[in-house]
Amino acid sequence: MAIVYNEKDKTITLQTAHSTYQMKIALYGVLQHTYYGGKVSQGDMSGLWQAYDRGFSGNPNDADNHRAFSLDTLPQEYPSAGVGDFRIPGASLVNGDGSRAGDWRYKSHEIRSGKYSLPGLPALYAGEEEADTLEIVLEDKAGKSRLTLTYGVFPEIDVITRTAALTNLADAPMEVGKLASLCLDMPFGDWELIHFHGRHAMERMPARTALAPGAFSVGSRRGTSSHQHNPFVILAAPGADEDAGDCLGAAFVYSGGFLAETEVDQNGLTRLVMGIQPEGFCWKLGPGETFQAPEAVLAYSDKGLTALSHRFHKAFRQHLVRGKWKEGPRPVLINNWEATYFDFTTDKLVDIAKAAAPLGVDLLVMDDGWFRNRNDDMGGLGDWEVNEEKLPGGLKALAERINAQGMQLGIWFEPEMVSERSALFASHPDWVLQIPGRAPTRSRYQLVLDLSQPAVCDYLYERIARVLRDAPIPYVKWDMNRSLSDVWSAALPADRQGETPHRYVLGLYGLLERLTRDFPDVLFEGCSGGGGRFDAGMLYYTPQIWCSDNTDAIDRLTIQYGTSFGYPISAVGAHVSAVPNHQTGRVTPLTTRGIVAMCGSFGYELDLSRATAEEREHMARQIQNYKTLQPLIYEGAYYRLTDPTSDPVAACAFVGTRRECCLIMAVYTKTFANGAIPHIRLKGLDSDKTYRVRLLAEAATEWGREWRGLAEAGGDLLMSAGLSLPRPRGDYGSLCLLLEEQD
Ligand code: GLA
């Protein structure tokens, strides 16, 4: 068992291969958090924290004259609310009697093998042998509520999941304004918060903020996880880098608004709290009802950020992504968005497919614009009736012609939206999020459907299912192109309007669950104006997510670098697009665009029918290369070798599971006259192995082809002495090196 209860000292210890997490049923039944960090084989760690009488930090009534015992200073497993802990609360609620307090004390616990699941919510899953579950029941007698804290422990992959549920034990309803999924008190040490911020077309840029006394938070009030902040954060010790130092990551398995809060308290304790965005949220809990918070995933590394990322990559790849597309090859696709935007017909798509098929492209994704009233972004969303003027004979005829080229057809949907110019809006104006008497905010001319209403989800299921049933379409791009505002549901009474944002997300998950269950062969790719909903919640349903609307290879280096801290490479939708790039106007070599897109789930997004013979030949080699290397890219251990936000060379590597091979990719982003020799050191190789080093000439620009390194080298040499790259020349040169173990 990875979970051990010690009756004598009342500690509960969660053990993974390289980390230990401990809590203790402390005095008066208060659950004390004692430790989360590098592996400790045994012992009660509560003594690390010394209780002192601190002025203005009061004491629970049952502590009598024990003035040192204060909820305001104690590291708690889940902080109480309104009863003397003045730091960030885990929960905020209004009990039936109007009091705003929760003081939960230990009642019981249970340890069992296997991993719990959360009906209706995405969560990590595991085989009976792969994880254990701890459930702790706490009760607030006066407030009449029960708090259940549930933990999943994955010993082998060093991951712990957490969630909380609140049950109303009173006769009157209570209101839940906040119920965090994760609260973590780190009593010692200075911490920095690494978080991933951005904007449309420039998502998940890493920032590192030293935490100081006071509070610092990141989050989204947009109803989705958002481009602006990602629900994945890292607490890192100052100086912790890729290879060394303490760090812990927290990912929220949720796609709605979120809040990740930190506070350094008066005595230097750092608290991390993560959960549903409380702003605009309020859940009415009737007698006997339970509110279940979504899941959060935690991992600790005392060996730096790379090891931390590997833990999340494994957890998400092996225990979150599901279905047919979890393992194994995914199709190389071509998407027509940047090729044609709204201006296409069946013939045009078939032309693209004709050009793509001989190169080895597997699937053509017909993007936005295939349905009626959709020749620009001002109308058409919601009806999902094929536009037979563009596509005579409909989707079936199109699919047949694409299939005749030896390719599959994929399709774009934006199910959660409606255009005011649509039959759906005309017949169901009450199906959109809008506040009575207030004209709703438009964004991209569209309104948001109220997915909190089951009738809306049923309608969307039918529309999408009909398309998937009527034509052979094994791929869906699920887009979502605005933030939620004017959040008000016609289906809920006034005192339940605060439930709408979360019910929306539950509706979305329910819909995705039904579709992925009923169409198990379909690959769903998530998207929200690129990477506006790139989170662990969506990965449960969509094994890959379009990473950004920015297809510029150089910007993508940073976007994909930031994304890689929390998310596996297989999740990252990445395409080779035309130059000058449509977002930045930058011109980069085709080789470089290919290399950057290969660090993800690879595809194209340009008008292939206009590509030159030379370009097509080049792409055929790219595709062949990618198909050969995809298993290594998906399953290998990913190493960030440089930081592209500051280093002129962006380099990363994929190391085979048996350390038998390694693929290195490097892109030169800044050129200087007479510049220093770029140098990288490899990671994760076997020091006792000798590797053959081969430049993949088909994946190297002129700059890359100047590479003159050792043809053969030991793992130790490559990791300690490293590799030199050619001196900078020209713009955006790149290369791929493949290391293979010598037999
Ligand atoms: C979003 C997506 C794009 C494309 C357009 C279509 O911006 O991120 O890839 O599908 O919508 O309108």
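Note: hydrogens, waters and symmetry copies are ignored here, and every other heavy atom, side chains too, is used. As the structure is a prediction and not an experimental result, all values here were calculated from the model. Start at 1 and go down the list; that is how both ligands and their atoms are numbered.
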Check: Is the number of heavy atoms from other residues, nucleotides or ligands within 6.0 Å of CZ (R317) greater than 12?
Finding: yes

Check: Do other residues, nucleotides or ligands put more than 12 heavy atoms under 6.0 Å from the CZ atom of R503?
Finding: yes

Check: Of all residues at least two apart in sequence or in a different chain, which pass the ring pair (Phe, Tyr, Trp, His ring centres under 6.0 Å) check with H575?
Finding: W546

Margin query: According to side chain to side chain donor-acceptor pair (under 3.5 Å), does anything in residues 318-334 pair up with another residue at least two apart or in another chain? List the pairs.
Written below: Y125-K326, R322-E513, R322-Y540, R330-Q544, R330-S601

Check: Taking the six-membered ring where the residue is Trp, are the ring centres of Y475 and W412 under 6.0 Å apart?
Finding: no

Margin query: Taking non-hydrogen atoms within less than 4.0 Å of ligand 1, which protein residues qualify?
Written below: W337, D367, D368, W412, R444, K477, D479, N481, C527, G529, G530, W546, D549

Check: Taking only residues at least two apart or on different chains, which pairs with a member in residues 585-606 satisfy salt bridge (charged side-chain N to carboxylate O under 4.0 Å, His left out)?
Finding: D552-R586, D555-R586

